[in-house]
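What follows is a set of notes on a single structure, which appears directly below.
It should be emphasised that the depicted structure is a prediction, and the values quoted were computed from it without experimental measurement.
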Amino acid sequence: MESSTIRILVIVAIIHFPVLIDSAVRQYKFDVVMKNATMLCSTKPIVTVNGMFPGPTLYAVEDDTVLINVVNHVNYNVTIHWHGIRQLRTGWADGPAYITQCPITTGQSYIYNFTITGQRGTLLWHAHILWLRSTVHGAIVILPKCCVPYPFPKPDKEVVVVLAEWWKSDTEDVINEAIKSGLAPNVSDAHTINGLPGPVSDCPSQGGFTLHVEKGKTYLLRLINAALNEELFFKIAGHHLTIVEVDATYVKPFKTDTVLISPGQTTNVLLFADQKQGNYLVTVSPFMDAPIAVDNITATATLNYIGTLTNTPTILTIPPLENATTVATNFVNSLRSLNSKQYPASVPRTIDYNLYFTVGLGLNPCPTCKPGNGSRVVASINNLTFTLPTTALLQAHYFNINGVFTTDFPANPPYVFNYTGTPPSNLQTMNGTKVFRLAYNANVQLVLQGTGIVAPENHPIHLHGFSFYAVGRGPGNYNPMTDPMKFNLVDPIERNTIGVPSGGWVAIRFRADNP
């Protein structure tokens, strides 16, 4: 009975969305429980919400208040982050462990209470502690207020499509072994589309997701990249997709045959079922244009036109090459904010804080890390590797608790070098729990500079509590004298998560209006 109930819930979440009333209080209960899952011809216990992978879709209407009672039934500490929700004056509900809250311990519960203000579209929720988000994640669908139409053709149906990664091993064992060895964690064993990878060489009997469509109808696909590490290409054989929204922000529509989506990003696309009856292959494959190991297994699904005869062969497509930089760059450069009268692009023109953050890796001493030859690979921003506190930062700030953090995070790199060229001889980073304070309502420009230390690679960056405008990007090192002259301050894309390109930089702007 339990599995049948789960199956019905999944189908409802994927194919239909409920009729919701404006400005209501939505109540959800998320039971965090273990469940055995069989994938790639092997079975393992995974952490889930309500026994589902992906987890349940959270539906709401703009201006709704949402209450989610999260009850922890597993032997891990748990928090849930509502990725992209602005949390205006509800920072306690944001979810990152030891940043805005202490984690929910085994047997305990916590009610997340927030109002969705000025947002509509697709976002996601996921665990924000350890690596639990590999299986603890799901969609957030925010519908426009009553009688407010989409600024694009109304679809006949809407479909949530969650992309993710799957490890045969327990993911906590994967990250713990990486920390112990000092090396990067093992890559995943497969990618998934709505919880299924499709047939793979090691498990040809593995099933895949099927999207049933009716010829002549229009479908809104709500794409979500819930993967831990990898940028992904999404493609459907024989069909072009019209991009209409990213990260719950409307964009100027454009057509493409390939979508690029970074971890934590969402993309809404219109699919017109205008091809001949048949089955069409759907592919999800990684993008990595640096010498970094990735899971190179392509996940597959099927777009099925209702009425197609049984045993009709599937029309295939070839996914982009793993290092298809041109495909990725063309997609990113095509994104523009809608910038209409109803949905303007309010790009800050004057700047109060001009920040320059290098984003990359380092090597710190680790005498017990024998596989790493006495060193551990770490992440850093401005040469600082974050030390997780034991008291939540927001708690320490609010109650004036001393000794939890310092306010001397550097506004610029403490060591200047050729960031995307030859790295310095000393690759060690500093450790600390540091923050950078912003004045309320200040305008901020932040340049995120990738580095080549250890290896250049793409870094997805998510800004909690805000959306920002991506006003510029480029290869190599950012030039503060010439690059700002090329910034788009008219209709840059607005989003909450961005990929810092391998060996390059991005510049974002936002107003610090959310304490």
Side-chain angles (χ1 to χ4, degrees), residues 2 6 28-40 42-58 67-83 85 92-113 124-140 162 164-181 184-190 192 195 224 226-229 263-264 376 378-379 386-395 433 462 464:
E2 182 182 353
I6 290 170
Y28 288 85
K29 186 179 181 186
F30 278 19
D31 285 302
V32 181
V33 296
M34 301 299 298
K35 182 176 178 62
N36 284 332
T38 300
M39 196 89 69
L40 304 179
S42 65
T43 301
K44 69 170 185 176
I46 62 172
V47 183
T48 69
V49 166
N50 298 351
M52 299 166 61
F53 173 72
T57 297
L58 190 157
L67 286 80
I68 310 102
N69 184 16
V70 177
V71 185
N72 184 5
H73 302 279
V74 302
N75 291 326
Y76 298 104
N77 289 342
V78 170
T79 66
I80 304 291
H81 171 50
W82 317 97
H83 189 110
I85 298 291
W92 302 107
D94 192 47
Y98 298 110
I99 306 301
T100 61
Q101 69 171 102
C102 294
I104 308 165
T105 56
T106 303
Q108 300 300 307
S109 63
Y110 183 79
I111 295 177
Y112 291 91
N113 183 347
L124 70 151
W125 59 263
H126 59 80
H128 207 299
I129 188 169
L130 310 173
W131 261 26
L132 297 184
R133 72 182 188 277
S134 63
T135 55
V136 180
H137 60 248
I140 300 174
V162 180
E165 295 179 86
W166 182 267
W167 280 259
K168 287 184 178 181
S169 302
D170 184 299
T171 50
E172 294 310 308
D173 291 342
V174 172
I175 186 59
N176 289 337
E177 178 58 32
I179 294 171
K180 179 181 177 181
S181 69
N186 291 337
V187 300
S188 56
D189 296 296
T192 60
I224 297 168
L228 269 71
N229 300 318
R376 172 180 287 137
V378 296
F386 185 69
T387 301
L388 199 67
T390 55
T391 300
L393 298 186
L394 184 59
Q395 181 183 1
T433 309
H462 170 55
H464 289 234

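Nearest heavy atoms, Ala392 versus Cys102: CB-N, 4.2 Å. In plain terms, the two heavy atoms of Leu388 and Ala97 that are nearest each other are CD1-O, 4.0 Å. Counting all heavy atoms, side chain and backbone alike, Pro54 lies closest to Gly195 at CD-N, 3.8 Å. Of all non-hydrogen atoms in Asp94 and His464, the two that sit nearest each other are OD2-ND1, 2.7 Å. Of all heavy-atom pairs spanning Leu40 and Ala190, the tightest one is CD1-CB, 3.8 Å. Between Thr135 and Phe53, the closest heavy-atom pair is O-CD1, 3.7 Å.
Remark: Lys29 pairs with Asp31 by the salt bridge (charged side-chain N to carboxylate O under 4.0 Å, His left out) rule, at least two apart or across chains. Annotation: side chain to side chain donor-acceptor pair (under 3.5 Å) contacts of Asn69 (sequence neighbours excluded): none. Judged as a side-chain contact (heavy atoms from CB on, under 4.5 Å), and not counting sequence neighbours, the contacts of Thr48 are Val33, Lys35, Ile46. Residues meeting the side-chain contact (heavy atoms from CB on, under 4.5 Å) test with Glu172, sequence neighbours left out: Tyr76, Leu130, Trp131, Leu132, Asp170, Ile175, Asn176. Taking Thr79 as the reference, nothing meets the side chain to side chain donor-acceptor pair (under 3.5 Å) condition, with sequence neighbours excluded. Applying the ring-ring contact (aromatic ring centres under 6.0 Å, His included) criterion to His126, with sequence neighbours excluded, gives His81, His83, His128. For Thr43, the side chain to side chain donor-acceptor pair (under 3.5 Å) criterion is met by Thr38, not counting sequence neighbours. Every residue meeting the side-chain contact (heavy atoms from CB on, under 4.5 Å) condition with Ser42, not counting sequence neighbours, appears here in chain and number order: Lys168. With sequence neighbours left out, the side chain to side chain donor-acceptor pair (under 3.5 Å) criterion links Gln395 to no other residue. Listed by chain and residue number, Tyr98, Phe386, Leu393, Val404, Thr433 satisfy the side-chain contact (heavy atoms from CB on, under 4.5 Å) test with Pro389 (two or more places apart in sequence, or in another chain).
Interatomic distance, CD1 of Ile99 versus CD1 of Ile129, reported as 11.0 Å (0.5 Å rounding). Atom CD1 of Ile224 is separated from atom OG1 of Thr57 by 7.0 Å, given to the nearest 0.5 angstrom. Interatomic distance, Tyr112 OH to Thr100 OG1, rounded to the nearest 0.5 Å: 7.0 Å. Between atom CG of residue Asp189 and atom CE of residue Met39 there is a gap of 11.0 Å, rounded to the nearest 0.5 Å. Expressed to the nearest 0.5 Å, how far NE2 of His73 lies from CD of Gln108 amounts to 11.0 Å.
Between Asn77 and Thr105, some side-chain heavy-atom pair lies under the 4.5 Å cut-off. Considering only heavy atoms from C-beta on, Trp125 stays 4.5 Å or farther from Ile68 through its side chain. At a threshold of 4.5 Å between non-hydrogen side-chain atoms, the residues Tyr28 and Val49 do not count as touching. Between Gln101 and Leu394 there is no side-chain heavy-atom pair separated by less than 4.5 Å. Contact annotation: the side chain of Ile140 approaches that of Ile85 to within less than 4.5 Å [non-hydrogen atoms, C-beta and beyond]. Side chains of Phe30 and Pro56 form a contact here, defined as non-hydrogen atoms less than 4.5 Å apart.
Looking at Arg376, its side chain does come within 3.5 Å of a backbone N or O of Ile179 through a donor-acceptor pair. Proximity of a side-chain donor or acceptor of Ser188 to a complementary backbone N or O of Trp167 within less than 3.5 Å is not detected.
Both tests pass for Lys44 against the ring of Trp166: distance under 6.0 Å to the centre and angle within 45° of the axis.
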